[in-house]
Number of protein chains: 2
Amino acid sequence: MSQNTKNPDNCNVNVALDIIVGKWKSIILLQLMFRGTKRFGELRKLIPEITHRMLTSQLRELEENDLIKRVVYPEIPPKVEYSVTEYGQTLMPILNEMHKWGTAHQTHMAQKNGELRNSL
Amino acid sequence: MSQNTKNPDNCNVNVALDIIVGKWKSIILLQLMFRGTKRFGELRKLIPEITHRMLTSQLRELEENDLIKRVVYPEIPPKVEYSVTEYGQTLMPILNEMHKWGTAHQTHMAQKNGELRNSL
DNA sequence: CTGGATCCACGTAGATACTG
DNA sequence: CAGTATCTACGTGGATCCAG
């Protein structure tokens, strides 16, 4: 959880932040949103940098927040599928805004740093 | 910085995330946005839980990202004023979306946890 | 294949004291 | 009043091994 319940303006912003800042959560969510249901191993391939342990824990947290659904098939070998829940889809506006802003920000900072000097 | 430059869907989302997740950044931004220019000491009063050291460092990071402006008045005793830059205002859509979602999420989780049981 | 448990390294935040 | 420096404590992530 965050902190601060005394600043009405803020607290709910951090509620959202706390849920999506898991360092890998947003990328996992986006993968599942855009590429659909995926198995554990498939996610690992889609996100090569993430460790086994991290993928597990981040998926658990996302599941606890009802953002993704975990379906276990009682087979040997085990098979588990993850997908974004309907509720998880409600994060789209936030992720969209962040994507837009993040993209623009790269340009902003590039200009500030003198790169992109008028190249005409 | 984040990680991952191989997943086009994601990277720019984390660009934005990395900038606003400083644990105190969003609240500082919101205070400055809604209450206007504030001095260092005023911010401390508005956010009592933050430590002196943290306020300093978070303000510095926000400044480095062009989100806030720092104005030093060469007086004795020192006086420094912080305000949101025009560029910082572009974060409003994100903060708004997160605020809305965060608020709704509290309700969502309350229901999930069996609270709010139909009290008719 | 999926995932839990353990050990360890590192970053980040808190507390405190000091400076201009 | 505003800011810096140091020292410490803790959470979090990485690596590795074990299990169903």
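Remember, it's a predicted structure, so these values are computed and weren't measured experimentally. Computed over heavy atoms, backbone and side chain alike; hydrogens, waters and symmetry mates excluded. Chain naming here is simple, since letters A, B, ... match the order of the sequence lines and numbering starts at 1 in each.
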### Query
To the nearest angstrom, how far is A/Leu55 atom CG from D/dT12 atom P?
18 Å
### Message
My understanding is that only residues two or more places apart in sequence, or in another chain, count here; which of them pass side-chain hydrogen bond (donor to acceptor under 3.5 Å, both in side chains) with A/Asn96?
### Response
none
### Query
Quick one: salt bridge (charged side-chain N to carboxylate O under 4.0 Å, His left out) partners of B/Glu61, sequence neighbours excluded?
B/Lys25
### Task
Please list all pairs passing the salt bridge (charged side-chain N to carboxylate O under 4.0 Å, His left out) test where one or both residues lie in residues 92-105 of chain B, with sequence neighbours left out.
B/Glu97-B/Lys100
### Query
Do any pairs count as a salt bridge (charged side-chain N to carboxylate O under 4.0 Å, His left out) and have a residue in residues 38-47 of chain B, sequence neighbours left out, and if so which ones?
none
### Query
Under the side chain to side chain contact (heavy atoms under 4.5 Å, CB included) test, which residues partner A/Lys69, sequence neighbours left out?
A/Val71, A/Ser83, A/Thr85
### Task
Please list, chain by chain and in numerical order, all residues satisfying side-chain hydrogen bond (donor to acceptor under 3.5 Å, both in side chains) with A/Ser57, sequence neighbours excluded.
none
### Summary
Within residues 74-82 of chain A, the residues having a heavy atom closer than 4.0 Å to DNA chain C are A/Pro77, A/Pro78, A/Val80, A/Tyr82
### Query
So what is the end-to-end bend of the helix from C/dC1-D/dG20 to C/dG20-D/dC1, with 5 pairs used at each end and the value given to 10 degrees?
40°
Please list, for nucleotides 4-13 of chain C, all pairs of protein and nucleotide N/O atoms separated by less than 3.5 Å.
residue : atom : partner : partner atom : Å
C/dG4   : OP1  : A/Arg60 : NH2          : 3.1
C/dT6   : O4   : A/Arg53 : NE           : 3.2

### Query
Would you say A/Arg39 reaches C/dC1's phosphate, i.e. side-chain N/O to OP1/OP2 under 4.0 Å?
no
### Task
Enumerate the residue pairs fulfilling ring pair (Phe, Tyr, Trp, His ring centres under 6.0 Å) with a member in residues 51-84 of chain B, sequence neighbours excluded, ordered by first and then second residue.
B/Phe40-B/His52
### Query
For B/Glu75, does the CD atom sit with more than 12 other heavy atoms under 6.0 Å from it, leaving out its own atoms?
yes
### Task
Using side-chain hydrogen bond (donor to acceptor under 3.5 Å, both in side chains) as the criterion, list what pairs up with A/Gln106, not counting sequence neighbours.
B/Asn12
### Query
Who are the side-chain hydrogen bond (donor to acceptor under 3.5 Å, both in side chains) partners of B/Glu64, not counting sequence neighbours?
none
